[in-house]
Amino acid sequence: MASQFTLGKKERLKSRKAIDHLFAKGNKKTIQPLRAVYMLTNDKSLLLGAGASNKNFPKATDRNRVKRLIREAWRLQKNELAEKLAGKAFGLHVFILCTDRELPAYTAVTLAVKKIIHLLEKEIESGQLLK
RNA sequence: ACUACAAGCCGGGUUGUCGCUUCCUGUUUAUUCAGGGGGAGGAAAGUCCGGACAGCACAGGGCGGUGUACCGGUGAAGAGCCGGCCAUGCGGCAGCAAUGCCCUAUGAGAGAAAGUGCCACAGAAAAUAACUGCCCCGGCUUCAUUGACGGGGUAAGGGUGAAAACGCGGGGUAAGAGCCCACGGCCGUUGAUGGUAACAUCAACAGCGGGUAAACCUUGCAUGCUGAAAUGCCACAUAUAGUACCAUUGAGGGCGGCCCGCCCGAGACUGCCUUAGGGCAGGCAUGGUACAGGGUAGGCAGCUUGAGUCUUCGGGGCAACCCGUUGAACAGAUAAAUGACAGCUACUUUGCGCAAGCAGAGAACAGAAUCCGGCUUACAGGCUUGUAGUUAUU
RNA sequence: UGGCCUGUAGCUCAAUGGUAAGAGCCGUUGCCUUAUACGCAACAGGUUAACAGUUCGAAUCUGUUCGGGCCAA
């Protein structure tokens, strides 16, 4: 349990219902190439979904690439966020989209994900997040 | 050696760290952890064809619809592939020409002699050709077979056109005409020979019908419909619910559209009339149509081993391909895994440098979703083979 | 995953296989007006999405490709 740069099945958003709910009621924040949709939940887990629109990336290869980059960046940086959440009584659902039209570089994605995580930490601490 | 074209093949390698998915073994209260194995393509794409598989439907026949179309082979099958036949086009040769032969490329290549339609413009005429011209006859007229008119014959000539009524030469005739003849072309029937066949060659007889079927159509052949969001099971949830209309004994339903014909078809209460059969009214039920809603959208199976793929050797076949045999692997995700970073190296390229080398950049098309066989399209760079051209050497 | 429809001028649409495609709006120029608008006149603007094929001839028929839209538990 020491080094946990993992992102298994349990740590990803997989339910169609949950995702529909998230998009219908969640908060949105845009940070340059990416956009995060997030919401607090009662199930005490930190779940991530990644996506890219069909319109901006018509080729399946590019969509796969974007999703992999987002997941990789999240995997390596999400631990501090998990620590903040550890003591609380709620979980967090996050869905990150790529809004750019062109394939982003790995470094740009890491930076943006880092910003998103800092932002989420702040909101958790100040208790601004609505359920 | 280089360039171009065609065909076939490859589509970077390796080490480390951190991850994802699946299977096996062990372990654990636990889909917890450990170890080991597998993990995108030649097109996974387009969905243009064909199947496998699944569900539903199904006595039969005709019509209709859709697809397809030289012949043979191959294969599970096809609008695929291989071989052949025929036609057409470019080029070359022969010939006055028609045409024939050779080379190469292309072909959705049944039927235009079953019928219907269409063929703009131009042209007399675009398909039962007499506008002009040519010729004959008649009366009239004129110096004159000169002129106009009327009746006929005639497809040789006529600015067109994509296409003009078999081609060319000769005979023949009032003028002409396959009317006749020589050479040649095409079509039909019959016969012979070769070929499995398409077809080819020869002979006889009868002919000369313009094009278009990717216009309608005719003929032969094939053909149920729907597709893994199929389909089966489990869990959760709900409303055998509601409203309107129609039908329920010769009504209706089935044969997926129509027709023939055939088959199926008695579930059912109350009241009134009636000898009975039966009739009328209402209700239940069943079925159908429409409206307006409600619930679920989780899991398991299907799900990856299949007419399979590649490979060694032998055999058959011109070839596609087939038969036997040796060996090797062969993904199963489901908001959807197959990745990220770093080093070394192979390749291409830019700059510096005499060179060795140093530094930087690039690396295509593209991502499985039930599975196969084809076709089509995209593709940096490289390899092999063949053909053609250029240069150099022998 | 499986189907269906569609592509013509900058926009909205026409055109039976037959003049190398037409109308309205838009645009440009001129006239009208002191000026603008309206109006009038003229002009420009198209490889009919691309490539092949059938045909004497293709926007139209056929095939392939590309783009756009829609439907389906």
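In what follows, chains are A, B, ... by sequence order, proteins preceding strands, each numbered from 1. Given the structure is predicted, the values throughout are model-derived calculations rather than measurements.
No continuous path of ILVMFWY side-chain contacts below 4.5 Å connects A:L111 to A:I70, so the two sit in separate hydrophobic clusters.
Taking a pair as Watson-Crick or G-U wobble with both distances under 3.5 Å, the runs of three or more consecutive pairs in RNA chain C are C:1-7 with C:66-72, C:10-13 with C:22-25, C:27-31 with C:39-43, C:49-53 with C:61-65.
Between A:K28 and A:V37, the closest heavy-atom pair is CG-CG2, 4.0 Å. Between A:L81 and A:W74, the shortest heavy-atom distance links the atoms CD2-CH2, 3.9 Å. The minimum heavy-atom distance linking A:L119 with A:K29 is given by the pair CD2-CG, 3.9 Å. Of all heavy-atom pairs between A:L34 and A:C98, the closest is CD2-CA, 4.1 Å. The two residues A:Q77 and A:I117 make their nearest non-hydrogen contact at O-CD1, 3.5 Å. Residues A:G51 and A:V66 share a closest heavy-atom pair of O-CG1, 4.4 Å.
Nucleotides B:rA98 and B:rG178 are separated by 16 Å at their C1' atoms, to the nearest Å. Taking atom C1' on both nucleotides, C:rA58 is separated from B:rC53 by 45 Å, rounded to a whole Å. Distance noted for atom P between B:rA213 and B:rA113: 13 Å (whole Å). Separation of the P atoms belonging to B:rG8 and B:rA43 is 10 Å when rounded to the nearest angstrom.
One can place NZ of A:K67 at 7 Å from C1' of B:rA336, the figure rounded to the nearest angstrom. To the nearest angstrom, P of B:rG19 lies 17 Å from CG of A:L48. Atom P of nucleotide B:rA335 and atom CD of A:E11 are separated by 17 Å, given to the nearest angstrom. Between the CG atom of A:N64 and the P atom of B:rA335 there is a distance of 14 Å, given to the nearest Å. Taking atom CZ on A:R12 and atom P on B:rC20, their separation rounds to 9 Å, with Å as the unit. In this structure, A:L111 places its CG atom 16 Å from C1' of B:rC341, rounding to the nearest Å. Residue A:N79 contributes atom CG, which lies 12 Å from atom C1' of B:rC18 at whole-angstrom precision.
Here the CG atom belonging to A:L46 is positioned 11.5 Å from the CD atom belonging to A:E83, to the nearest 0.5 angstrom. The line from CD1 of A:I31 to NE2 of A:H118 is 10.5 Å long, rounded to the nearest 0.5 Å.
Between A:R75 and A:E11 there is no salt bridge, since no side-chain N of the basic residue sits under 4.0 Å from a carboxylate O of the acidic one. Between A:E72 and A:K67 no salt bridge is recorded (no basic side-chain N to carboxylate O distance below 4.0 Å).
Base-pair partner of B:rG261: B:rC255 (Watson-Crick or G-U wobble, both distances under 3.5 Å). Nucleotide B:rC33: paired with B:rG26 (Watson-Crick or G-U wobble, both distances less than 3.5 Å). When both distances must be under 3.5 Å, the Watson-Crick or G-U wobble mate of B:rA328 is B:rU309. Base-pair partner of B:rA266: not found among the strands shown (Watson-Crick or G-U wobble, both distances under 3.5 Å). In this entry B:rA129 has no Watson-Crick or G-U wobble partner, no candidate having both defining distances under 3.5 Å. Across all strands shown, B:rU387 forms a Watson-Crick or G-U wobble pair with B:rA4, both key distances being under 3.5 Å. Remark: B:rG381 base-pairs with B:rC10. Criterion, Watson-Crick or G-U wobble with two distances under 3.5 Å. With both pairing distances under 3.5 Å, B:rA285 is matched to B:rU248 as a Watson-Crick or G-U wobble pair.
In this entry the base of B:rA346 is anti relative to its sugar, with a glycosidic angle more than 90° from 0.
Using a 4.0 Å heavy-atom cutoff across all strands shown, A:K59 reaches sugar-phosphate atoms only and no base atom.
Contact annotation: A:T61 does not reach the phosphate of B:rA366 (side-chain N/O to OP1 or OP2, under 4.0 Å).
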Polar-atom pairs under 3.5 Å, protein N or O versus N or O of nucleotides 338-340 of chain B: list them with distances, or write none.
{"unit_1": "B:rU338", "atom_1": "OP2", "unit_2": "A:R68", "atom_2": "NE", "d": "2.7"}
{"unit_1": "B:rU338", "atom_1": "OP2", "unit_2": "A:R68", "atom_2": "NH2", "d": "3.2"}
{"unit_1": "B:rG339", "atom_1": "N2", "unit_2": "A:E72", "atom_2": "OE2", "d": "3.4"}
{"unit_1": "B:rA340", "atom_1": "OP1", "unit_2": "A:R65", "atom_2": "NH1", "d": "2.1"}

